[in-house]
Amino acid sequence: MTSVKLYPPKPQKVYFFGTCLIDVFYPQAGLDGIRLLEREGIEVIFPQEQTCCGQPAYTSGYHDEARKVAEAQLELFPEPWPIIVPSGSCGGMMRTHYAQLFAGTPREAQALSVAERVFELTEFLIHVCHVVLTDKGQPERVAMHTSCSARREMGLAETGPKLLAQLGQVELVEQVRAAECCGFGGTFAVRHPEVSAAMVEDKTQALEASGAERFVTSDCGCLMNIAGRFEHQHLAGERDSLAGEHIASYLWRRTS
Amino acid sequence: MSAQSDSLHTFTPQAFHRQAHDALGNPQIRANFRRAMDGLMAKRRDVFSDWDLETLRELGANIRLRALAKLPTLLEQLEANCEANGIRVHWAEDGEQACRIIRELCEARGAKSVIKGKSMVSEEMHLNAHLEAAGITALESDLGEYLVQLNEQTPSHIIMPAIHLNTDEISAIMQAKTGTKKTRDVDYMTAAARAQLRERFMAADVGISGVNFAVAETGTLCLVENEGNGRMTTAVPPMHIAVTGIEKVVERLRDVPPLYALLTRSATGQHVTTYFNMISSPRKPGERDGPEEVHLVLVDNGRSSIYQDDELLDTLRCIRCGACMNHCPVYTRVGGHTYGTTYPGPIGSILMPHMLGLEATKDLPSASSLCGACGEVCPVKIPIPDLLVRLRKEAAGEGRGNVKGAGAKRSRKEVAAWKSWQWLATHPSAWRGSTKLAGKFSVLTPSRLGPWTDHRTSPKPAKTSLHVLVQQHQAQTAPSAKLPAKGGPAKEES
């Protein structure tokens, strides 16, 4: 059955789950996400004990290990506040797969409580905060890459583009095969590096052909993969690099 | 000739990586698949544009779920009604037994020449090779299958077996094997193939076909096709043997139209196919055509073991449309032969481990980025990504052990890696310490990180982790910070 997500009114407080990729590689994106929420008058709680949602082990089939890591995260959100995740991939893991991971265990209720309070950042800004953005930046053509997990697992193909559409000076350009995977897929990029490379090459070509001056994405896995491919080829002298940025940083930079 | 045009049995599931490497390095294969799959995706999108696709998928899924829920009963009902109609029913536990049954039926009629309609289950059990070994010639009559057979290959797609070949390659194959002239004229080649096949239809002792839907209520075998070869196969020779997996049964005649609508639209973007055959008996007295004998071989070949598992059971919903392949970014890049299995692509990756065991197929469940495109287009809503994860779990030895070869991919090295990761991710202070170190020594991150950096630059850890950035940010914005509570704002490092 197609499910319709019902959104709560804007809360006073939210939890923020930063994700491990953001923590290590793109912390600014996490901080910018927090600032966007705070600007909406929301107090943001960042539990310092957070580490990783457990997805890498989950998708690799190591569910005992994934469950132990996920269990530690379940403890961090005791109050009934929404949990904001600046990633469709980790958001999808927590919303969909925690329920599967803890089905029939004593932690099932806790997992379900977390699952139903999880919102991806752009989803939360659009559907709960009803955010109105004022663009202060220069005119620019931008392509959006929506991750597969945001698009299909969380059903959020529209929230990122909707936010970008609020920026008056930004022209959102369409990339061909926008719905096609960039080839990251977590450990897929490591287990099947050549196939993954063929996928990311097509993605960089599509972004380049779109005429965009930069690309934004709401998932740091895709960002690392696509930007890494652009840089690699740029260093090899094969093409100009197209800058990539997490949507939280892009929105914050242009509106603050 | 292309890498995928090598002779039969060259491609194995064990060699997925090498085969993927070869396919990716072959511009012809890349171009053929990309063009074909782009076309099929566009056709499917257009043909469903004025349909309430979600409602139809829901209906399709429910019909299949209902049939599977009653599978043993429906199979008995199917057998009874087929027999009442004059169709003899045979049961085969595995491919070998099914081959033997078919060979014995052929031998009982003294048959030397068999004409075949398209049947993936016959590919699954290597029927042609079995019959050849017994001195019986089996000729494929589906145009794609015919070309693949001429080229001594296996199909690279379940709906379009020769999709890996382009016009020039097909012309070269026909020229070499049948003496037609070298041409790019598709009409000429089609007419030549038709002329070659027509004689064989008339001369064949036995016709062998697959089955798309077997209707329990009426004992009817439904066959979906475009070329008319299916009708010739099942109507011209004096004996018709239909062969099918046991999961293809549906309960009622009225279950067929929605499934047929979903099948043709999902597969080739067609509203209907040129032919839709409903076979319900051998030739009756006074009828002018049709075979004297009709047999139905019901093949298990691992399906009942899938049936025992309430999650993996969903695999059996499949109506063999191939939409998951057409939309799979991995399949599109590497093509069907890379998988080295009868069923390639996402459905193959969840089906073949049951048939061949996880030792042989251990790379297949991981050959997906879990992008979800397969699950999104599946007309009967098989949760393919979830099942891929389930099989990865089986391969890692953490599943229920229901799949042959469970644990085949578990290695000491990988277990150690996940255990270390688990330890770090459940000890927050150690986690924070390590991210701090990673940031501090970011410049020392090796610029080459295995295969990742063959095609991308190495990601560098940021100087300051988010945990630390947030602490600094909170110190700036809320100097009179409230007392930290459990799960509350910034805690001191423990």
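Chain letters run A, B, ... following the sequence lines, proteins first, then strands; residues in each count from 1. None of these values were measured; they are calculated from a predicted model. As a basis for the values below, the full set of heavy atoms in this structure was taken, side chains included, without hydrogen atoms, waters or symmetry mates.
- For A:F230, no part lies near chain B; criterion is any non-hydrogen pair under 4.5 Å.
- Only the side chain of B:L24 comes within contact range of chain A, judged by heavy atoms closer than 4.5 Å.
- Other residues, nucleotides and ligands place more than 12 heavy atoms under 6.0 Å from the CD atom of A:E238.
- Proximity to chain B is limited to the side chain of A:I34, based on heavy atoms less than 4.5 angstrom apart.
- The shortest side-chain heavy-atom distance between A:H97 and B:D386 falls under the 4.5 Å cut-off.
- Of the atoms belonging to B:R390, not a single heavy atom falls under 4.5 Å from chain A.
- Contact count against chain B (heavy-atom pairs under 4.5 Å) is highest for A:E38 among A:E38, A:R151, A:H234, A:E153.
- Contact between B:Q422 and A:V69 at its shortest, heavy atoms only, is CA-CG2, 3.8 Å.
- With chain A as the partner, the residue from B:K463, B:E394, B:R410, B:H427 showing the most heavy-atom pairs under 4.5 Å is B:R410.
- The contact between A:C20 and chain B is made by backbone and side chain atoms together, counting heavy-atom distances below 4.5 Å.
- For B:K409, the parts sitting under 4.5 Å from any heavy atom of chain A are the backbone and the side chain alike.
- Your options are B:D38, B:L388, B:D363, and the one with the most heavy-atom pairs under 4.5 Å with chain A is B:D38.
- Annotation for A:T51 and B:L424: closest pair CG2-O, 4.4 Å, computed over non-hydrogen atoms.
- Within the model, atoms CG of A:D202 and OG1 of B:T332 stand 9.5 Å from one another, a figure rounded to the nearest 0.5 Å.
- Contacts with chain B were tallied for A:G54, A:A179, A:G228, A:C148; A:G228 has the most, counting heavy-atom pairs under 4.5 Å.
- The minimum heavy-atom distance between B:S411 and A:Y62, with the atom names listed, is N-OH, 4.2 Å.
- Counting only heavy atoms from C-beta outward, the side chains of B:T426 and A:E71 never approach each other to under 4.5 Å.
- Of the atoms belonging to A:R177, it is side-chain heavy atoms, and not backbone ones, that fall under 4.5 Å from chain B.
- Per-residue heavy-atom pair counts under 4.5 Å with chain A were compared for B:A425, B:G372, B:P365, and the maximum is reached by B:A425.
- At a threshold of 4.5 Å between non-hydrogen side-chain atoms, the residues A:P56 and B:W421 count as touching.
- Put simply, of A:V200, A:D64, A:T19, A:I226, the one with the most heavy-atom pairs under 4.5 Å next to chain B is A:D64.
- Interface remark: of the candidates A:G30, A:A227, A:A197, A:A197 forms the most heavy-atom pairs closer than 4.5 Å to chain B.
- For a residue to count as touching a neighbouring chain, one of its non-hydrogen atoms must lie under 4.5 Å from one of that chain's; by this rule A:T187 touches chain B with the side chain only.
- A salt bridge between A:E194 and B:R18 is absent, with no side-chain N of the basic residue lying under 4.0 Å from a carboxylate O of the acidic one.
- A parallel orientation is assigned to the rings of A:H192 and B:H17, their planes being inclined by less than 30° (bins at 30° and 60°).
- Heavy atoms closer than 4.5 Å to chain A are found nowhere in B:R57, neither backbone nor side chain.
- Within the 4.5 angstrom heavy-atom criterion, only side-chain atoms of B:T435, from C-beta onward, approach chain A.
- When the candidates A:G18, A:P27, A:G185 are compared by the number of heavy-atom contacts under 4.5 Å with chain B, A:P27 comes out ahead.
- Note: A:F46 and B:H467 meet the aromatic proximity criterion, with ring centroids under 6.0 Å apart.
- Remark: B:H327 NE2 to A:C181 SG distance equals 14.5 Å, nearest 0.5 Å.
- Across every non-hydrogen atom of B:W452 and A:A189, the tightest pair is CZ3-CB, 3.7 Å.
- Contact annotation for A:L235: only side-chain heavy atoms (C-beta onward) come within less than 4.5 Å of a heavy atom of chain B.
- Within the 4.5 Å cutoff, the side chain of A:S60 has no heavy atoms near those of the B:R392 side chain.
- Across every non-hydrogen atom of B:R333 and A:A198, the tightest pair is CG-CB, 3.9 Å.
- Contact annotation: the side chain of B:C371 approaches that of A:R152 to within less than 4.5 Å [non-hydrogen atoms, C-beta and beyond].
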Residue pair B:L466, A:Q28: steps toward the side chain to side chain contact (heavy atoms under 4.5 Å, CB included) verdict | CA-CA 7 Å; B:L466 179 61; A:Q28 196 61 41; over 6 Å; no
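- Using a 4.5 Å cut-off between heavy atoms, A:S149 does not touch chain B at all.
- B:A395 does not touch chain A: none of its heavy atoms, backbone or side chain, sits under 4.5 Å away.
- Only the side chain of A:Q100 comes within less than 4.5 Å of a heavy atom of chain B; its backbone N, CA, C and O stay farther away.
- Listed here is the closest heavy atom pair of A:E231 and B:T457: OE1-OG1, 2.9 Å.
- Within 6.0 Å of CD on A:E158 lie no more than 12 heavy atoms contributed by other residues, nucleotides or ligands.
- With a 4.5 angstrom heavy-atom cutoff, B:W418 touches chain A via backbone and side-chain atoms both.
- Salt bridge B:K393/A:E65: absent, no basic N to carboxylate O contact under 4.0 Å.
- Here the side chain of A:R191 pairs no donor or acceptor atom with the backbone of B:S366 at under 3.5 angstrom.
- Between A:E201 and B:H455 the shortest side-chain heavy-atom distance does not fall below 4.5 Å.
- Residues B:R456 and A:S196 form a side-chain contact, since some pair of their non-hydrogen atoms from C-beta on lies under 4.5 Å apart.
- A salt bridge between A:E49 and B:R432 is present, with a side-chain N of the basic residue lying under 4.0 Å from a carboxylate O of the acidic one.
- Put simply, the side chain of A:F188 does not reach to within 4.5 Å of the side chain of B:L370, judged on heavy atoms.
- Looking at A:Q73, only its side chain comes within 4.5 Å of chain B, counting heavy atoms on both sides.
- Distance check: A:I22 CD1 to B:S465 OG gives 12.5 Å after rounding to the nearest 0.5 Å.
- At a 4.5 Å heavy-atom cutoff, A:Q233 makes no contact with chain B through either its backbone or its side chain.
- Taking a 6.0 Å sphere around NE2 of B:H21, one finds it holds 12 or fewer heavy atoms contributed by other residues, nucleotides or ligands.
- With a 4.5 angstrom heavy-atom cutoff, B:S368 touches chain A only via backbone atoms.
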